[in-house]
Number of protein chains: 2
Amino acid sequence: MSLPHAILTALLEKPSSGLELTRRFDKSIGFFWPATHQQIYRELGRLEEAALIRALPGPPARGRRREYEVLDAGRAALRDWVAASEDPRPVREPLMLRLRAAAVVGSEGLAEELRRHRQLHAERLAAYRDIEARDFPDPAGAPEGVRLQHAILAAGIGMEEFWIGWLTGVLGTLGED
Amino acid sequence: MSLPHAILTALLEKPSSGLELTRRFDKSIGFFWPATHQQIYRELGRLEEAALIRALPGPPARGRRREYEVLDAGRAALRDWVAASEDPRPVREPLMLRLRAAAVVGSEGLAEELRRHRQLHAERLAAYRDIEARDFPDPAGAPEGVRLQHAILAAGIGMEEFWIGWLTGVLGTLGED
DNA sequence: GGGGACATGTAACGGGTTACATGATTCG
DNA sequence: CGAATCATGTAACCCGTTACATGTCCCC
C-alpha cells in the first residue's frame, strides 16, 4: 500500500495533475518508490473513488489536464499510515543470487558486472551528494520536517556507500580489484 | 528472471523436490530471494518445459514426490546469467515514504514503529552472525566458492548494521532515542 | 492547419501473494 | 480406518511493466 500514500504525500506538498506527479516522482520520491504514469493514473482514480482526493472542478475529459487535491479523509489516512505497523519488505537482491550461482558454476565474467554495478552506484551517490549540498546546507539546525527529509537522503547516501564498499571487497575476493 | 536461476543454483547444489526446495529457500537463498511453494512449482514446470531441468524417472502424479536435477543446458544458462548485464533493481523502501509523509503531516507514532523495525533488524543481524560463526570460521583462507558465499552473508550483515545505525540516527532526530 | 508537445487513458502480461483443493503416505 | 503430515497443484488478485491509443493545446 505504498504508492497511494506516496501520492497523497506528493499532493499535499503541492496539488498536481497526473503528469506533473509523474515528473515529480522521477526526481524525488521515485528514488525510493518509482512509478510510471500508468500506475499513477490508475491510483489517482482509486483515490478519487475512495474520496481521499478530489479533482478540481471542470468536466472530466480525455486529454484535458486534471488537477487533484487531498481531502481531509486523505490527510487522516496518511497520518494513520505514518504510525502504522508494517513489516520491512523482504529483501530481493539478484546480485546475491548471482554470487551464489558463481560459487557453484564459477565466477567467469562476474567481475566485470560487479565493476559496472559499482560504477552505477557511484553515479547515484554523486547525484545524492549534489542534492545534499544544494538542499541541506545545515540539516542539524533545520526544523523537524527538513531533518526528516535529510534523513531520507542520508539513507540513500549510506546505502550507495555501503554497496560501493561491499562490491570493492568482493572484487578483491575475486583477485580483481 | 531471478527465481528460475535461484532454483537452478539450488538444484545444482542438491537435486530436490519442490517442497524440499521451498524449505531450503526458507533458510538460505530465501534471505535474498524469498519464494513460496506455489512460485517454485510454477517455475519448476517452466524449467522442465524449457529442458533446463528434468524430473527423475517415474510417472508424474499428483501428491507423489518428484525430484528434479539440472541438465547441461540449465548449467550453461546459469553460467551465462552469472556474467550477464542486468541493472540493479529500483529501490522500493516504504519507510522512506513514511518519513516523507511524516515531514508533511507530522511524525506522531512514527518513533515506535522505527524502534520496532530496529528490533527486527537486530534479530536478523543476530541470526546472520550465528550463521557466520557456525559456517565460516576462516573465510579468508577458504576456496573461492566459500569466499563468495561468505561475501553474500557479509552483505546481509552489513545491510542490517546499516539500517540499525540509520534508524538510531533518525530516532535521535526525533528526540526519541 | 499541421506538427509537436502535453495529457490522459487502455490493454496485455508477468511475478508475487493468498487461499484453497487434492492426492499420497505414515502411524497410532 | 482415521488423522496428521507430506506433497503437488489451482485459482484469483494486485502491483509493476510495456506497448500502444486517443484527445487537447499551442505555435509556426
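In the text below, chain A, chain B and the rest are named by the order of the sequence lines, each starting its count at 1.
Of the N and O atoms on the side chains of A/H121 and A/E161, not one donor lies less than 3.5 Å from an acceptor on the other residue.
Under the 3.5 Å distance criterion, the side-chain polar atoms of B/T22 are matched with a main-chain donor or acceptor of B/G18.
In this model, the phosphate group of D/dT18 is not approached by any side-chain N or O of A/Q38 to a distance below 4.0 Å at OP1 or OP2. OP1 and OP2 of C/dA5 both lie 4.0 Å or more from every side-chain N or O belonging to A/R23. Phosphate proximity of C/dA7 to A/R66: absent, as no side-chain N or O sits under 4.0 Å from OP1 or OP2. Dashed line: the shortest gap from a side-chain N or O of B/R65 to OP1 or OP2 of D/dT8 is not under 4.0 Å. Contact between the side-chain N/O atoms of B/Y41 and the OP1/OP2 oxygens of D/dG9 is not found at any separation under 4.0 Å.
The CG-C1' distance, from A/L21 to C/dA7, rounds to 13 Å in whole Å. The nearest whole Å value for the distance from the CD atom in A/Q39 to the P atom in D/dA19 is 15 Å. Rounded to whole Å, the distance from NE2 on A/H37 to C1' on D/dG23 is 13 Å. Following rounding to the nearest Å, A/E43 (CD) and C/dG9 (C1') show an atom-to-atom distance of 15 Å. As a whole-Å value, the separation of B/I40 CD1 from C/dT18 P is 15 Å. In this entry the distance linking CE of A/M1 with C1' of C/dT18 reads 15 Å, nearest Å. One can place CZ of A/F25 at 12 Å from P of D/dT17, the figure rounded to the nearest angstrom. Distance CZ (B/R64) to C1' (D/dG9): 16 Å, rounded to an integer number of Å.
Between B/W166 and B/W163, the ring-plane angle classifies as perpendicular under the 30° and 60° cut-offs. Below 30°, between 30° and 60°, or above 60°: for A/F31 and A/Y128 the angle between ring planes is above 60°, a perpendicular geometry. Between A/H5 and A/W81, the ring planes lie parallel to each other; the angle is under 30°, not in the 30° to 60° tilted range.
Taking the nucleotide of DNA chain D with the nearest heavy atom to each of B/R92 and B/E67, the more 5' of the two is matched to B/E67.
In this structure, A/R42 reaches the bases: a heavy-atom distance under 4.0 Å links it to at least one base atom across the strands shown. Note on A/R89: nothing from the nucleic acid sits closer than 4.0 angstrom, heavy atoms only.
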